[in-house]
Protein chains: 2
Amino acid sequence: MNVIPAEQRTLRADARRNRERILASGRDLFARLGPEAQMDEIAAHAGVGIGTVYRHFPTKEALLTEMVRVRFQEFSEIALSVDDVDPREALETIMRRSAEAVEGDAGFQLAMMGSNELEWEGVEQQKAALAEVVGRVISRAVAAGAVREGFTFEDFAMVMCGVTATMYYKPGSADWRRYLELMLHGVCAP
Amino acid sequence: MNVIPAEQRTLRADARRNRERILASGRDLFARLGPEAQMDEIAAHAGVGIGTVYRHFPTKEALLTEMVRVRFQEFSEIALSVDDVDPREALETIMRRSAEAVEGDAGFQLAMMGSNELEWEGVEQQKAALAEVVGRVISRAVAAGAVREGFTFEDFAMVMCGVTATMYYKPGSADWRRYLELMLHGVCAP
DNA sequence: TCATAACCGGAATCTTAGCTCCGGATGCTG
DNA sequence: CAGCATCCGGAGCTAAGATTCCGGTTATGA
């Protein structure tokens, strides 16, 4: 009985195909419904049986985690891509583009807000990496006097949490943009 | 078979007592755990049987709704109490005191964020009343040039949503205060 | 004090969703 | 193309939590 759905051992062609389909289906439904998305639906939408889903991902949480991890990576990449431009602008870009990246992905929105509804274990690492990169940008911005004294990564997280909450609880609306502007105005130095 | 737990028909003494207990217990547990709070617990904590809970409130939602409604009322009262002071200060007070009123009440926090997780039907009315009162204060503030041009009740709601989200997802932390300051700074006119 | 309508408690029921299991199908290797 | 390890499907198991049901209890008014 082999339980390891690991990447290392070469999967049989059909298995690999199914794995991809499940991931895609999961991404889609999870984004649309958040954690409410049910395993049956994900399986059906992927065109496979439930058993197949569970062979590739031992629990629902594992599936969600896998997808959230990828998202966080995108996040870090955004932050990295502006690591060397004008700090004020960099911060703005990070916030704006991050928000856009999250738009329409209810599942990730919850993860973003730090929802303890799920364990998300394994995502912590990604988060730390993000904190690292963004933290650097923030320090630079503060040092340059571009944002309020004492602004921290924690604050950044709260702001994004607020923006995300707005998206999550008002799906389809673009109101979060106005909100973000408000925040950016609040963040910048007097 | 009489199903109506109405206020009009005089309840038997013990019935009224139980109803109060259930409400109190619900308030407590709902505040602590949010909608996760289970009917068994609420019954037990109130010292009555589950059946009794269901006799007074036909569904869990009905119980939650009842309590959320009361909370919203408090909210409106806060807003009313500052309806005539300096608009800038009034708005600040509303935000600050509202936030404080919500602190520690996870259930209401969700309702506040506009969570569609529950139907909250019957609360809409309270919400409208709140919008009315707060809207007036906002108009005055805008007219007086105390806050940014174009600031609306919608924006106010988003800000509170953000503050609330911070509380909800970081229970016990007082970080939301710093966040609120940030917001107030962002809201005020340049 | 009695009769009785109004209540009460909580075991049992119903429902939903995650997860397991195993007979059968299928890609790979020689 | 045979043999087999790997993989697949989806009925059914299980847990959790909301809600119902009904035999027993209690307040109330005469």
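Lettering of chains follows the sequences in order, A, B, ..., and the numbering in each one begins at 1. In what follows, every heavy atom counts, from backbone to side chain, and hydrogens, waters and symmetry copies are set aside.
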- Message: Is there a ring pair (Phe, Tyr, Trp, His ring centres under 6.0 Å) between B/Phe75 and B/Phe108? Walk through the geometry before answering.
- Response: CA-CA 11 Å; B/Phe75 237 68; B/Phe108 187 63; 5.7 Å; yes
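Residues satisfying the ring pair (Phe, Tyr, Trp, His ring centres under 6.0 Å) test with A/Tyr54, not counting sequence neighbours, are none.
We find that CZ of B/Arg19 is positioned 17 Å from P of C/dA6, with the value rounded to whole Å. Across the protein-nucleic acid pair, A/Ile22 atom CD1 and D/dG10 atom C1' stand 14 Å apart, rounded to whole Å. In this entry the distance linking CZ of A/Arg16 with C1' of C/dC28 reads 13 Å, nearest Å. At whole-Å resolution of the value, CZ in B/Phe57 and C1' in C/dC8 are 16 Å apart.
Taking the side chain as every heavy atom from C-beta outward, A/Glu181 and A/Trp176 never approach each other to under 4.5 Å. Contact annotation: the side chain of A/Tyr179 approaches that of B/Met183 to within less than 4.5 Å [non-hydrogen atoms, C-beta and beyond]. Two residues are said to be in side-chain contact when any heavy atoms from C-beta on lie closer than 4.5 Å; B/Arg69 and B/Gln125 fail this criterion. Two residues are said to be in side-chain contact when any heavy atoms from C-beta on lie closer than 4.5 Å; B/Thr152 and B/Ile138 fail this criterion. For the pair A/Arg97 and A/Ser81, the minimum side-chain heavy-atom distance is below 4.5 Å.
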- With the sugar-phosphate defined as primed atoms, P, OP1 and OP2, and the base as all remaining atoms, what B/S/- string results for nucleotides 24-30 of chain D, 5' to 3', for protein heavy atoms under 4.0 Å? --BSS--
- Between protein and nucleotides 14-23 of chain C, map the contacts as a letter string: B base, S sugar-phosphate only, - none, heavy atoms under 4.0 Å, written 5' to 3'. ---SSBB---
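In this model, the phosphate group of D/dC7 is not approached by any side-chain N or O of A/Asn18 to a distance below 4.0 Å at OP1 or OP2. In this model, the phosphate group of D/dC7 is not approached by any side-chain N or O of A/His56 to a distance below 4.0 Å at OP1 or OP2.
Using a 4.0 Å cut-off between a side-chain N of Lys or Arg and a carboxylate O of Asp or Glu, B/Arg16 and B/Glu20 do not qualify as a salt bridge.
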